[in-house]
Amino acid sequence: MGEDDAALRAGGRGLSDPWADSVGVRPRTTERHITVHKRLVLAFAVSIVALLAVTMLAVLLSLRFDECGASAAPGADGGLAGYPARGGNASFPGPARRNHHAGEDSSQPETGEDATPGTPSAQPPSEEEREQWQPWTQLRLSGHLKPLHYNLMLTAFMENFTFSGEVNVEIVCRNATRYVVLHASRVAVEKVQVAEDRAAGAVPVAGFFLYPQTQVLVVVLNRTLDAQRNYNLKIIYNALIENELLGFFRSSYVLHGERRFLGITQFSPTHARKAFPCFDEPIYKATFKISIKHQATYLSLSNMPVETSVFEEDGWVTDHFSQTPLMSTYYLAWAICNFTYRETTTKSGVVVRLYARPDAIRRGSGDYALHITKRLIEFYEDYFKVPYSLPKLGYYDSVLYPIQNFSDLLQRCAWFGDLVTPVWWEDVWLKEGFAHYFEFVGTDYLYPGWNMEKQRFLTDVLHEVMLLDGLASSHPVSQEVLQATDIDRVFDWIAYKKGAALIRMLANFMGHSVFQRGLQDYLTIHKYGNAARNDLWNTLSEALKRNGKYVNIQEVMDQWTLQMGYPVITILGNTTAENKIIITQQRFIYDISAKTKALTLRNSSYLWQIPLTIVVGNRSHLSSEAIIWVSNKSEHHRITSLDKGNWLLGNINQTGYFRVNYDLRNWRLLIEQLIRNHEVLSVSNRAGLIDDAFSLARAGYLPQNIPLEIIRYLSDEKDFLPWHAASRALYPLDKLLDRMENYNIFNEYILKQVATTYIKLGWPKNNFNGSLVQASYQHEELRREVIMLACSFGNKHCHQQASTLISDWISSNRNRIPLNVRDIVYCTGVSLLDEDVWEFIWMKFHSTTAVSEKKILLEALTCSDDRNLLNRLLNLSLNSEVVLDQDAIDVIIHVARNPHGRDLAWKFFRDKWKILNTRYGEALFMNSKLISGVTEFLNTEGELKELKNFMKSYDGVATASFSRAVETVEANVRWKMLYQDELFQWLGKALRH
């Protein structure tokens, strides 16, 4: 087993944990502070990768994205104000290529009535004709034409990162039209032909042009296409293999000192059009037959198996792939690389292949992931009662996968993304949400004792997305897409994580078995087709009806999907009547003052139909669970057994997508219960209480001391999840306070809560042979969480242990640091020790080839309290030869989360914004992550002013992300003004008693 694979199995982690993203030591205290990279445990990480593999046929990988000497992107997207210039079909402007084409010699133009490179493009229309020139100005294609089949032939020139293509599209004309309009972007079109059939011959082409505003190619015909007839559209074009993360792009890695290049694709949501002209909307499903010509030193991959390979004498080979089933363009994928593979076969005959570097395959890296992928495919086929849609699955070893593309892969669920596809992007959350939710369902199948859907889902999905969705600048999970630029924006954490949380809520109030049968019906009915959200709601309502329950799922779920945000339920004990409570609902907002600023919030009455589960308990007993459907702003309800000494708990196990607040008497009873006997409440309920209390206090719904009183019980907590919830909830509070003069009061209070458990658990131990003494998953995760908090808040023993481990590594040049705490130790060493340690970690970052280790080392470099080193690292982050383009974002964000580097990263971000926006602007997911990460912990009036001024200078660029940033910083400033003194006064009193 290779080092990467071993790291995953021993507890390699993703980038989701906030303490992992935090860096630096504590200012103004003698105890140094580090923050560390909190990654998921091995099998969870691997199983998610396996699910991603199941959900993804697009072949992507983690390699270096290099600056190359190729020329700029083709200028074929040109055109003046929506109308083409004469002769606007320029040939490819890039470097010279081999003069042959996949399928024909493109240097020899054909004769006939088709448009060739020498044919002027169509003339701008007269005033009388303008009405007829509207199809290409619309957001969506007209629907007059529908693709049935694509025959795509590509020739890739890896020596100069260009490719040529010929696409033949069989189309059916639904309504008579003179225009063929389909998507194309950044491609240079050389020739277009339209033909009806061999007997009728060619349809004369008057000209063609690219219209960049809507990213379409417009073919103007000399006669009208007849309705209900089939035609063939042939387009010859060429383009760059781009140096970005979208479309058909290039990547590289270093093996034995040699840089090796490859080309890969990322088409979701609307980037297939950058690789070939196509009908690039999810509703236009078609079959595809792909041929890829490449140098024989490479191999090519695509969704389907290779049927035949034709070798030529000049060292080139053409791979012809089998025809795909019906699929949308975004689901198509290919790669050109020099990897090798291992394979296995599922019970139903699906061949699963894991591709990786030859050295990684030889040492067995990824074998574990391959085994799990096989098991997951078999599980999902049984769960959905629908077979996997393709005969093979090819994917790259997860340990090689870039983190940003890793996140993008969450979109690709084979059953909800390809088998049944959303009609339009407003419902993209369905496939995103289902893919994300079923990662946890699949992991529960692999590891039943982990309770991922009931427990880890809370901290990794629910709590995280509720932070974002609690902003006034949030948006509904189902967004109206009005222009092309809106499409990428619907692929955000609201779609991924809120979508998953809403699906989980739905599954829980329906009952899991009924929900499963409803999904099986939905997939069977809409197999290989498109469906909208109402199709799903109707099918699930029917499933409930057959089970004797009558709930209008559409009516319920429309309130959750078409309204932004979520409610906070407040449960008040009625002091005048026994066993009665008052339940109110209102929209939860972190910055309550935002309600007065936002007209939409002032004038809107947000209401949800809320499935509120509730129990009554005391010191030793818990009642059975009841459900109350809350649909009004205020309601009265009778609760049995609600006497003076009993407490109420709502939203049991946090299955609902809402927060719950109580009167102070009930909060006191719950705190007392946790301290006396916390096990009366389930693990999920304890974690939910912690997260709700911190969020309610942050937003001003609850006194600041309540959440800090709740975590006093943690010294007796033996389960991982409540500790994890507390750690994540403390993180934003820590970032608000870490530059304050009296920060040490907060630091001391947290250390006091952690100390007992830290001493009890200790550090991971090694056997005599150097291997780690294995403990249960939950125990290892708990120990890691507590070590992370202890080192982060400056526990002396934790600092000494970490320093000893890293010093031993440096002196012996043998790394004996346990894998699952390496990130903590590295960060601690960089933060506590001298510049030599930083240089040692920098050297190891350059020398290691293990990608997971490389990322941990890079993040550790951001933990320094030396501002010169932090500045040096920021500047190096923009050098693609040193830091991967996608990893540069994480470097900048981690420095911003270091109190010693926050102002440096903020200045660097502003100074380098043009470069950063050029590099990441079109990859909106990455741009949004960068903007949020650099600004989310700015908290002074001066920083808020700087942000607003900066936003004005770049008006219209990344508007939604900057609006969220301004709201977040305003909320930070407001919290400090209103609640900071209250918090420190309580902490001071608590530490004196």
Side-chain angles (χ1 to χ4, degrees), residues 16 18 21 404 407 429 432 461 463-481 485-499 501 563-566 587-601 604 606 695 698-699 731-732 735-736 889 892-893 896-897 902 905-906 909-910 913 916-917 920-941 943-976:
S16 61
D21 297 334
Q404 186 58 39
S407 298
W429 72 271
E432 306 291 358
V461 180
H463 297 171
E464 185 171 317
V465 75
M466 290 179 95
L467 286 171
L468 181 62
D469 206 23
L471 298 174
S473 54
S474 184
H475 60 78
V477 71
S478 183
Q479 294 186 78
E480 192 175 10
V481 176
T485 53
D486 291 336
I487 296 172
D488 272 308
R489 293 192 181 112
V490 303
F491 287 82
D492 64 3
W493 285 130
I494 299 293
Y496 286 93
K497 297 197 172 188
K498 182 175 180 176
Q563 293 184 134
M564 70 175 75
Y566 56 88
R587 183 183 172 190
F588 178 91
I589 295 286
Y590 274 103
D591 187 358
I592 297 177
S593 66
K595 289 183 177 180
T596 60
K597 299 175 189 173
L599 185 64
T600 54
L601 293 178
S604 297
Y606 282 82
S695 294
R698 171 70 197 280
Y731 175 72
K735 295 295 105 185
L736 282 176
I889 285 180
I892 300 166
I893 290 173
R897 293 173 180 177
R902 193 163 303 150
W906 173 222
F909 172 85
R910 285 174 289 158
W913 170 246
L916 294 167
N917 192 50
Y920 304 115
E922 193 165 355
L924 290 175
F925 211 117
M926 298 180 77
N927 216 15
S928 175
K929 176 185 175 183
L930 176 62
I931 293 168
S932 170
V934 170
T935 61
E936 63 182 327
F937 299 119
L938 302 178
N939 54 37
T940 68
E941 290 282 2
E943 289 167 339
L944 176 59
K945 185 178 179 181
E946 288 173 346
L947 175 59
K948 288 180 175 178
N949 289 337
F950 179 77
M951 188 175 171
K952 286 176 187 173
S953 6
Y954 291 96
D955 188 33
V957 178
T959 304
S961 297
F962 277 119
S963 296
R964 284 193 297 271
V966 168
E967 184 187 347
T968 299
V969 178
E970 285 177 338
N972 292 345
V973 172
R974 176 181 172 274
W975 183 90
K976 286 180 67 178

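Note that these values count all heavy atoms, side chains included, but never hydrogens, waters or copies made by symmetry. Starting from 1, each residue takes its place in the sequence as its number.
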Reported [atom1]-to-[atom2] distance for the pair [X] and [Y], which is rounded to 0.5 angstrom:
X: Y920; Y: I889; atom1: OH; atom2: CD1; answer: 4.5 Å
X: I589; Y: S473; atom1: CD1; atom2: OG; answer: 8.5 Å
X: N927; Y: N917; atom1: CG; atom2: CG; answer: 5.0 Å
X: L468; Y: I494; atom1: CG; atom2: CD1; answer: 4.0 Å
X: F909; Y: F950; atom1: CZ; atom2: CZ; answer: 5.0 Å
X: F962; Y: S932; atom1: CZ; atom2: OG; answer: 11.0 Å

Quick check against the 3.5 Å criterion: does [X] have a side-chain atom that pairs as donor or acceptor with the backbone of [Y]?
X: S474; Y: L471; result: no
X: T968; Y: R964; result: yes
X: T935; Y: I931; result: yes
X: E967; Y: S963; result: no
X: K498; Y: G565; result: yes

Inset, instruction - Apply ring pair (Phe, Tyr, Trp, His ring centres under 6.0 Å) to Y566 and list each qualifying residue two or more places apart in sequence or on a separate chain. - result: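 Scan of Y566 (ring pair (Phe, Tyr, Trp, His ring centres under 6.0 Å), adjacent residues dropped) gives F588, Y657.
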Legend entry - Where W429 and S478 come nearest, the two heavy atoms and their spacing: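 That closest heavy-atom pairing would be NE1-CB, 3.8 Å.
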Legend entry - Smallest separation among heavy atoms of G933 and A896, with atom names: O-CB, 3.9 Å
If we only count heavy atoms from C-beta on, is the [X] to [Y] side-chain gap below 4.5 Å?
X: L944; Y: L938; answer: no
X: P476; Y: M564; answer: yes
X: N939; Y: W975; answer: no

Legend entry - Under-4.0 Å salt bridge between E970 and K948: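 Counted as a salt bridge, because a side-chain N and a carboxylate O are separated by less than 4.0 Å.
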Inset, instruction - Evaluate the side-chain contact (heavy atoms from CB on, under 4.5 Å) criterion for residues R910 and E946: first the C-alpha distance (whole Å), next the side-chain angles of each, then the deciding distance (0.1 Å), finally the verdict. - result: CA-CA 10 Å; R910 285 174 289 158; E946 288 173 346; 3.7 Å; yes
Legend entry - Pair Y590-R974, side-chain contact (heavy atoms from CB on, under 4.5 Å): steps then yes or no: CA-CA 10 Å; Y590 274 103; R974 176 181 172 274; over 6 Å; no
Legend entry - Intermediate values then yes/no, side-chain contact (heavy atoms from CB on, under 4.5 Å), Y496 and V465: CA-CA 9 Å; Y496 286 93; V465 75; over 6 Å; no
Legend entry - Identified side chain to side chain donor-acceptor pair (under 3.5 Å) partner of N972 from the options K735, E943, R698, E936: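 Single side chain to side chain donor-acceptor pair (under 3.5 Å) partner of N972 among K735, E943, R698, E936: R698.
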